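These figures come from a predicted structure and were not determined experimentally. Residues take their numbers from the sequence shown, with the count starting at 1. Side chains are part of it too, since the values below use all heavy atoms of this structure and drop only hydrogens, waters and symmetry mates.
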Amino acid sequence: MIERFLSQTQFSSEEDYRQHLHFLIPENFNFAYDVMDEWAKEKPFKVALLWTNEQGEELRFTFQDIKEKTDRIAAYLTQLGIGHDDKVMLILKRHYQWWLTMLALHKIGAVAIPATHMLTKHDIIYRNQRASVKAIICAGEPYILQQIQEAMPESPTVKALVSIGPIVPEGFHDWHKECAEAPAFVRPEHVNSNEDTMLMYFTSGTSGEPKMVAHDYLYALGHLTTGVFWHNLHEDSIHLTVADTGWGKAVWGKLYGQWFAGATVFVYDHEKFSADKIMRQMEKYHVTSFCAPPTIYRFMIREDFSQYDLSALKYCTTAGEALEPAVYKEFFDLTGIRLMEGFGQTETTMTLGTFPWMTPKPGSMGKPNTQYDIRLIKQDGTPCEDGEKGEICVFVGEQKPLGLFKGYYRDEELTQQTWHDGLYHTGDLAWRDEDGYYWFVGRADDVIKSSGYRIGPFEVESALMTHPAVVECAVTGVPDEIRGMVVKATVVLAADWKSKANDSLTKELQAHVKHETAPYKYPRIIEYVDELPKTISGKIRRVEIREKDNKK
C-alpha cells in the first residue's frame, strides 16, 4: 500500500530517511477511497478494526466490512442532505461507529468535526455557531442528548440530529435503523480536491476559547510517517493508542497512519481509565504496539507487572505532553521496551520524533521529521545555536508542508498571528543538543522569568516527578517584588504521602529539585492539592493556576 505514496518505503538510518523520504501525492487524494477501499481489494479478510468494551462485547471489522459499511453510511448521510463541505460534529466516544462515520464523511466530501462527550451546552452552541454545523451524530446517552437538545434553540444551522443509541429521543434520527434501510451508494462525481477541508478540530482551549483548526485532505497522507515509521507498524501489528476520539490524538494513533501500514487498530471502549483494565486488554488481545501520553505510563508503572503477560508487546511510543526521564527509566526497567517520544500539535502531524533507527534520549522529543523544515528561533527572530532556548517553528516555503493545517477557520487575524514571515510559530519552546535532539522547555506563555533566569516549567516538573511522593504537578510563576517572579509548584501527592503534606515535606521536595536540576530552578512555593485544573482533553491549565494566584 505505502509504495503508492512514497518513492522509498524502507529506511535504515536517520541519514537515509532525511535524504530519501519523498511523497508521491495523488490528485484529489481521499483516504477512504485511496487507502481503505484499496485495502478492501488487496486484503479483504484482514482484520482492520478490533473493538471491545467494558461489557465484554467484541466486534471485528475486516477491510471489506469497513468498505461495505462506510458505503452504506455514506448513502444514508447523503439522504439526510449532507454533502460536500457540510460540517458534521461527531460526539461518539470510543464507539466503533466513530471510525465508520469518519470514513463515510470522507467519501461524500463532508467536513468531520470530532468532539468530546464532555461538552456542555455552552461548548456545543459555540461550536455550532462558529463552524455552522449542519448535523450532529452522537452517542444516545442522557448527558450528551440533554446538552445537545438544550443547545438547539441557539444553533440555527443544525438541520439534522442523529443518535446511534441506545436512546433515540424525539427529534433525532435513528442511525442503526435508517442506515440499514439506506439505498446503494453512488460515489459523487467529484468528492474533493487536495485543498478542500476534510477535518476540523477545536483545540482544547488552555487559554481563551477553543480555536478551529482546519485540515485539508492531504493531512491524512501526512500521518503516513506517524503510523508506518514512528509507530513502526506493519500488517501483523495490533496497535492500541489511548485517546478519546474527540481530540486530534485519535487520528494520530487510531486511524490514518495505522491503516496506511495495514495494521489492526485495537479499541477498548471504556468510560474511566484504569491502568489495570488497559493492561488486561493488552494481555488478552496480544497488543504488539502501544501509544499513550506520559500520564498513562505514570499510572502503569505503579502496577505489579508480574501480574500481566505483555510478552506480545514489542514497541511503545508517547506524545501529548513531555515525558519525564524517570518514567522512561522505570518503564524500561519493567519491560525492556524503550519509549519513543514524538511531538506535534492539533495544527500539525508529528513534527519531531524518535524513529526506530534512532537511540532515544530519555526526555527528548527526538529530531525533526523530514517532512517538515523545523527551525528553532529566538525572541529576536534569529536562529538558535545548540543549547539555546527558542520557539519551535515550521518553515513554510512556496508550498505548505504535508500535514500542516490550512489555518484557523474563519479567523484570519489569529492565523496571521501564528503564521507569518514564512514560519508557522508553534508557541512551544525547546532547546537542541549537539546531537540534534530537541528538549521541551514549555509553552512560550508558561516560561517563568525569575532573577534574570528563564525557567521552563517542564524542567522543574521533571525533577519533582522523580520523587516518590509526587503523582502529578504543575509549575507556574508567581509575581515577586524582588525577583520579578518565583517558581511555584502545585503538587498532587501519592495516597500514602498525603498525610505528610507539611513544611518538612516541602523542604524535602525543594532539596530534591536542587539535587536533580540547577538549584536556581527550585520551587520557593509548594501548594498541595487533590487534583490539578485541566481542560476537557486532560491538559493541565496552568493559566487557571496563575489567574487564581494573581487574585490572592
Side-chain angles (χ1 to χ4, degrees), residues 49-59 90-99 114-121 123-124 138-148 163-167 204-206 239-254 265-285 287 290-305 307-308 310 313 316 318-321 327 331 470-474 492-496 498 529-541 544:
L49 181 66
L50 172 51
W51 175 92
T52 187
N53 64 10
E54 290 179 299
Q55 290 71 45
E57 296 176 285
E58 179 184 304
L59 293 172
L90 306 180
I91 309 177
L92 292 171
K93 307 176 80 171
R94 292 178 175 87
H95 302 330
Y96 66 86
Q97 290 90 343
W98 181 80
W99 283 263
T116 175
H117 61 282
M118 293 181 282
L119 296 182
T120 64
K121 167 191 169 182
D123 298 324
I124 294 170
C138 70
E141 299 173 15
Y143 175 82
I144 297 171
L145 294 171
Q146 180 183 350
Q147 301 309 310
I148 292 172
S163 170
I164 65 166
I167 304 170
S204 54
T206 53
H239 179 77
L240 167 60
T241 284
V242 178
D244 185 290
T245 60
W247 304 109
K249 191 63 170 64
V251 294
W252 273 58
K254 303 158 85 87
V265 172
F266 176 72
V267 179
Y268 177 47
D269 189 349
H270 61 281
E271 290 295 326
K272 187 175 181 181
F273 170 77
S274 159
D276 173 67
K277 289 182 179 179
I278 289 286
M279 293 165 75
R280 291 296 177 201
Q281 296 300 318
M282 294 168 68
E283 175 183 49
K284 179 179 178 180
Y285 290 97
V287 168
F290 181 68
C291 185
T295 298
I296 301 298
Y297 288 104
R298 286 199 290 268
F299 283 107
M300 288 175 68
I301 61 179
R302 292 175 179 268
E303 299 293 321
D304 180 0
F305 269 64
Q307 300 301 308
Y308 308 90
L310 300 181
L313 189 63
C316 292
T318 187
E321 58 189 17
V327 176
F331 189 79
V470 181
V471 173
E472 276 191 307
C473 62
V492 177
L493 293 173
D496 52 347
K498 288 185 177 181
V529 298
D530 291 329
E531 60 182 7
L532 297 174
K534 294 181 180 179
T535 68
I536 51 180
S537 67
K539 292 182 180 178
I540 295 170
R541 294 194 80 244
E544 187 172 321

- For Tyr297, ring-ring contact (aromatic ring centres under 6.0 Å, His included) partners two or more places apart: Phe290, Phe331
- Gly140 and Leu145 have their tightest heavy-atom pair at C-CD1, 3.7 Å
- Partner of Lys277 under salt bridge (charged side-chain N to carboxylate O under 4.0 Å, His left out), chosen from Glu271, Glu283, Glu54: Glu54
- Message: Give me the atom names and distance for the closest heavy-atom approach of Ile91 to His117.
- Response: CG2-CA, 3.6 Å
- Task: Any chance you could measure Gln281, atom CD, to Phe266, atom CZ, to the nearest 0.5 Å?
- Result: 5.0 Å
- OH (Tyr96) and CG (Leu49) are apart, to the nearest 0.5 Å, by 10.5 Å
- Message: Whether the side chain of Gln97 engages the backbone of Leu92 through a donor-acceptor N/O pair (distance < 3.5 Å, no angle test) should be reported.
- Response: no
- Going from NZ on Lys534 to CZ on Arg541, what distance comes out if it is rounded to the nearest 0.5 angstrom? 13.5 Å
- Query: Under 3.5 Å, side chain of Thr245 to main-chain N/O of Lys93, donor-acceptor pair present?
  - Reply: yes
- Item | Nearest-0.5 Å distance, CD1 of residue Ile278 to NE2 of residue His270 | 4.5 Å
- Task: Could you tell me whether Lys284 and Glu58 make a salt bridge, using a distance below 4.0 angstrom between a side-chain N and a carboxylate O?
- Result: no
- Counting distance only, does the side-chain N/O of Trp98 pair as donor-acceptor with the main-chain N or O of Pro114 below 3.5 Å? no
- Note on the structure: Separation between CD1 (Ile124) and CG (Leu119), nearest 0.5 Å, reads 5.5 Å
- Task: Check the pair Gln307, Met279 against side-chain contact (heavy atoms from CB on, under 4.5 Å), reporting the backbone distance first and the verdict last.
- Result: CA-CA 10 Å; Gln307 300 301 308; Met279 293 165 75; over 6 Å; no
- Just how far is it from atom CG of Leu493 to atom CD of Glu472, taken to the nearest 0.5 Å? 11.5 Å
